[in-house]
There are 2 protein chains.
Amino acid sequence: MDSRIVDLKSKLDVYKAMTGGGNLSDCPVRDVIQGLSGKWSSLLMAALAEQPYRFGELRRLVPDISQRMLTQTLCDLQRDGYVHREVFPTKPPSVEYSLTDLGRSMFGALRHLLEWAELNHDAVRAARARFDGAMAGAAGQTGALA
Amino acid sequence: MDSRIVDLKSKLDVYKAMTGGGNLSDCPVRDVIQGLSGKWSSLLMAALAEQPYRFGELRRLVPDISQRMLTQTLCDLQRDGYVHREVFPTKPPSVEYSLTDLGRSMFGALRHLLEWAELNHDAVRAARARFDGAMAGAAGQTGALA
DNA sequence: AGGGGCGGTCTCAAAAAGAGACCAGCGCTA
DNA sequence: TAGCGCTGGTCTCTTTTTGAGACCGCCCCT
């Protein structure tokens, strides 16, 4: 177990660098992550990583996103340089969204998380059920389940 | 039927699997990602990946989080099985938060994104500045920049 | 006896997100 | 030719989420 501590220690520096050396207020990671932490960002990134899509296609692909949030999230993603927005002067002007190189690069990192989620969603849901059950039990009585 | 070009099929399947086969509404990824998409989740995960922390320590580590959000985010993380909460019956009862095995596993995937963010925040900020500049220019005139 | 740290919860205000109306322009079709 | 729907959005309204900060009991320290 002590060897594990040593192992963690060497990694500690990596995390500290991420988090700004112990102060999590002004670290670059945070600035970048905030842009991806939106409810729809990663979802749209996953969709656009698959292939370029038009506005209406995305809307149909993600039925429970509002146009407002779709517009805004795409705009945020474009602002951060992940997404390219191209307007085609067709008769009804169509707009196509696609990933930029930066976006593809970022998705390469994001993908790990998505893959993890895909593999472990059972474990997460089990944990959730366990927690909710414990909470329900604890609602009426403390320490009902030992 | 459509004149749409379909290629890169092999890669497509990977992303489609993530996104639930083309329907992004009921995919497991989404369920899991939503839990991490909060403003503070990844930040707290990064902190706890470094080492276990107590409530007050986390609050000091992330000064601009409110107690409310700290409590709630930690609770969410605990519910999803990423974080373990242990109360020590010391005189002022202290509470320590640490990552579970599932949490460490998840952080292994999240870390890629954090590392990417660390490496590429300059590019993102540059993109942001470019975008904001273009918007400022376009505010008074349409298509000012060709 | 008073102040502060402990880990929260509670209330209230502000910000963000969701629902859905509305817009202009064009093609289809009835 | 009058409607209807599709194009990509914006605008308003309501609901949810967040943020700011007061408040809680408990105990130690001075």
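What you see below is based on every heavy atom in this structure, not just the backbone, and it leaves out hydrogens, waters and symmetry mates. By convention in this document, chain letters (A, B, ...) are assigned in the order of the sequence lines, proteins followed by strands, and residues within each chain are numbered from 1.
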Of the candidates D:dG21, D:dT7, C:dG7, the side chain of A:Pro92 sits closest to D:dT7
Separation of C:dA17 atom C1' from A:Leu43 atom CG, nearest Å, is 15 Å
A:Gln67 CD to C:dC23 P, in whole Å, measures 15 Å
Testing C:dG20, D:dG19, D:dG8 for proximity to the side chain of A:Arg54, the answer is D:dG8
Rounded to whole Å, CD1 of B:Ile65 lies from P of D:dT18 at a distance of 10 Å
Report task. Using only side-chain N and O atoms of B:Arg60, determine if any of them is under 4.0 Å from OP1 or OP2 of C:dC6. Result -> yes
From CG of A:Leu58 across to P of D:dT7 the rounded distance in Å is 12 Å
Open item on the list: Using a 4.0 Å heavy-atom cut-off, does A:Tyr97 contact any base of the nucleic acid, only the sugar-phosphate backbone, or nothing at all?
Closed with: sugar-phosphate
Handout entry: A:Arg128 vs A:Val124 side-chain heavy atoms within contact, under 4.5 Å
Key = yes
Indicate whether OP1 or OP2 belonging to D:dT18 is found under 4.0 Å from a side-chain N or O atom of B:Gln72. yes
Rounded to whole Å, CD of A:Gln78 lies from C1' of D:dG8 at a distance of 14 Å
Among D:dG19, C:dG7, C:dG18, the one nearest any side-chain atom of B:Ser94 is C:dG7
| said: In the structure I gave you, are the side-chain heavy atoms of B:Ile33 and A:Leu43 within less than 4.5 Å of one another anywhere? | reply: no
Rounded to whole Å, CG of A:Leu70 lies from C1' of C:dA19 at a distance of 15 Å
From CG of B:Asp64 across to P of D:dG21 the rounded distance in Å is 13 Å
May I ask you to decide if the ring planes of B:His112 and A:His112 are parallel, tilted or perpendicular, using 30° and 60° as cut-offs?
parallel
**Q.** N/O (side chain, B:Arg59) to phosphate O (OP1/OP2, D:dG21) under 4.0 Å
**A.** no
Regarding the side chain of B:Trp40, the nearest nucleotide among D:dT7, D:dG19, C:dT9 is D:dG19
By nearest-nucleotide position on DNA chain C, the 5'-leaning member of B:Arg68 and B:Phe55 is B:Phe55
Exactly one candidate in B:Thr73, B:Leu48, B:Ile65 meets side-chain contact (heavy atoms from CB on, under 4.5 Å) with B:Leu58; the answer is B:Leu48
Checklist entry - What's the verdict on side-chain contact (heavy atoms from CB on, under 4.5 Å) for A:His121 and B:Asp31, showing C-alpha distance, side-chain angles and the deciding distance? => result CA-CA 8 Å; A:His121 74 279; B:Asp31 187 43; 5.6 Å; no
To the nearest angstrom, the CD-C1' distance between A:Glu57 and D:dG8 comes to 13 Å
query = Does a nitrogen or oxygen in the side chain of A:Lys39 sit under 4.0 Å from OP1 or OP2 of D:dT16?
reply = no
